[in-house]
Number of protein chains: 2
Amino acid sequence: MYINLHPIPLPHMRIEDEIKQPTFRDEYQKAVINLTYTSGWLQLRQATAFKSFGLTLPQFNILRILRGQHPRPATVALLIDRMLDKTSNASRIVDRLEEKKLVTRTVCPGNRRAVDIRITPAGLDLLKSIEDSGLMEKNGTQHLTPEEARQLNALLDKIRTDDDEGGATPDLPSCE
Amino acid sequence: MYINLHPIPLPHMRIEDEIKQPTFRDEYQKAVINLTYTSGWLQLRQATAFKSFGLTLPQFNILRILRGQHPRPATVALLIDRMLDKTSNASRIVDRLEEKKLVTRTVCPGNRRAVDIRITPAGLDLLKSIEDSGLMEKNGTQHLTPEEARQLNALLDKIRTDDDEGGATPDLPSCE
DNA sequence: TGCAAATTTATGTACATACATTTAATGTCG
DNA sequence: CGACATTAAATGTATGTACATAAATTTGCA
């Protein structure tokens with residue numbers, strides 16, 4: 001999930017100006033493009049912030065999940081279940097974190113198919129440094145009032161309204 | 001920009017349920033996660049639709065820009081300028097489209113550094129097939145009223161409000 | 001017990017992306 | 001004219017993602 005936007009964050013406002021498309025068919029088409037663009041814009045900001053700490057966005061997200069489990073271990077299956085971008089290759093992201101000594105991987109006693117993944121003290125320290133830096137608060141949502149943030153959440157939830165097909169949510173995995 | 005979500009699209013509603021996180025610090029934190037998640041959800045739908053036509057999402061977007069220029073050519077610089085995910089490697093996406101005979105690449109007469117990229121009749125036909133299929137309209141925004149779509153656009157634009165730093169927008173490239 | 005099915009993770013391939021560097025053509029200015 | 005910066009595109013490397021498949025282990029059941 002990498003994003004973009006030139007050397008330096010640009011000044012921004014109307015989506016019509018961001019893209020060089022003066023008009024849209026309707027507000028619906030515009031909303032789709034605006035949503036994609038704004039999400040990318042936001043993720044760029046986040047990725048840029050994390051980069052100075054040597055982390056990518058997926059690595060950061062995994063690390064945060066592991067802290068949530070701490071001191072209990074997580075399995076790869078649990079990470080996949082909790083991740084925003086699922087299906088992505090949790091194994092390989094954990095590889096990178098392990099190389100940086102931010103997590104440990106040990107075969108789960110009692111189920112040798114599973115792997116216990118734990119965040120290390122170094123990993124906890126890194127997360128704290130990032131959060132203390134205050135970089136995470138500069139994500140654009142501070143321009144919204146609390147009521148507007150609530151509205152936005154309601155609208156986004158509405159977009160994801162199910163129009164069909166059932167599919168049971170699987171149970172949460174855990175190692176023991 | 002690839003997304004996810006298991007074998008089959010799941011039924012959806014509240015972001016709290018999607019992710020297994022029962023509470024958020026505030027509506028702002030929730031909005032950030034909701035925006036990322038919803039954008040990924042939407043892009044998965046689109047990517048799935050395009051896959052049956054042998055296109056990835058970036059390839060489709062490039063193709064649409066080229067149609068907008070048609071019958072005039074575009075340069076790589078113009079594609080980068082128009083793309084939602086900028087900086088991305090337009091060259092290599094054009095490689096794939098060229099392999100599929102959906103675009104042509106010819107050195108620009110008059111400026112041999114530049115390359116004229118044009119959509120082929122096959123490319124135009126493919127775009128038309130995709131649009132005729134009606135797949136593009138099933139993107140979730142149909143659950144919003146026109147007024148809600150307008151609100152959503154306003155909120156997203158507000159998130160991207162500039163808090164600082166100037167950075168001039170470069171001029172649009174063209175080949176001649 | 002014995003062996004097929006299911007579970008859990010890891011690996012392989014193709015594509016996309018972020019970023020740095022390279023290559024080629026053009027422009028500029030002494 | 002010729003050295004040097006500038007521009008346009010392509011290439012290289014590391015990472016991430018989608019999807020298919022493999023490998024190891026455990027489970028279920030005849």
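Chain identifiers are assigned alphabetically (A, B, ...) following the order of the sequence lines, protein sequences preceding nucleic acid strands; residue numbering begins at 1 within each chain.
Between A:Glu99 and B:Lys51, the one whose closest nucleotide on DNA chain D sits nearer the 5' end is A:Glu99. Ranked by how close their nearest DNA chain C nucleotide is to the 5' end, A:Val76 and B:Arg96 are led by A:Val76. Nucleotides of DNA chain C nearest to A:Ile117 and A:Thr48 differ in position, and the one nearer the 5' end is that of A:Ile117.
Residues B:Glu131 and B:Arg64 are not paired through a salt bridge, judged by the lack of any N-O separation under 4.0 Å between the basic side chain and the carboxylate.
The side chain of A:Arg112 places no N or O atom within less than 4.0 Å of a non-bridging phosphate oxygen (OP1 or OP2) of C:dT7. Distances shorter than 4.0 Å separate some side-chain N or O of A:Thr56 from OP1 or OP2 on D:dG16.
Between the CG atom of B:Leu79 and the C1' atom of C:dA16 there is a distance of 16 Å, rounded to whole Å. Computed from coordinates, the B:Asn89 CG to C:dA14 P distance equals 18 Å when rounded to whole Å. Taking atom CZ of A:Phe50 as the reference point, atom C1' of D:dT15 lies 16 Å away to the nearest angstrom. Computed from coordinates, the A:Asp95 CG to C:dT11 P distance equals 7 Å when rounded to whole Å. Note: CD1 (A:Ile62) to P (C:dT9) measures 12 Å, nearest angstrom. If you measure from atom CZ of B:Arg113 to atom P of D:dA5, you get 16 Å, rounded to the nearest angstrom. A:Leu55 places its CG atom 15 Å from the C1' atom of D:dA14, with the value rounded to the nearest Å. Regarding A:Leu78, its CG atom lies at a distance of 17 Å from the P atom of C:dT7, rounded to whole Å.
In this structure, B:Ile159 and A:Leu152 have side chains that are in contact, with non-hydrogen atoms separated by less than 4.5 Å. Side-chain atoms of A:Phe50 and A:Thr56, non-hydrogen and from C-beta on, never get closer than 4.5 Å to each other.
Of the candidates D:dT15, D:dT26, D:dA9, D:dT15 carries the atom nearest the A:Gln59 side chain, counting heavy atoms from C-beta on. Between D:dA10, C:dT17, D:dC19, one nucleotide has an atom nearer to the side chain of B:Arg92 than all others, and that is C:dT17. For A:Pro58, counting side-chain heavy atoms from C-beta on, the closest listed nucleotide (D:dT17, C:dA10, C:dA16) is D:dT17.
Side chain of A:Tyr28 to main chain of B:Leu144: a donor-acceptor pair is present (N/O by atom type, distance under 3.5 Å, no hydrogens or angles). Judged purely by atom type and a 3.5 angstrom limit, B:Thr120 uses its side chain to pair as donor or acceptor with the backbone of B:Lys101.
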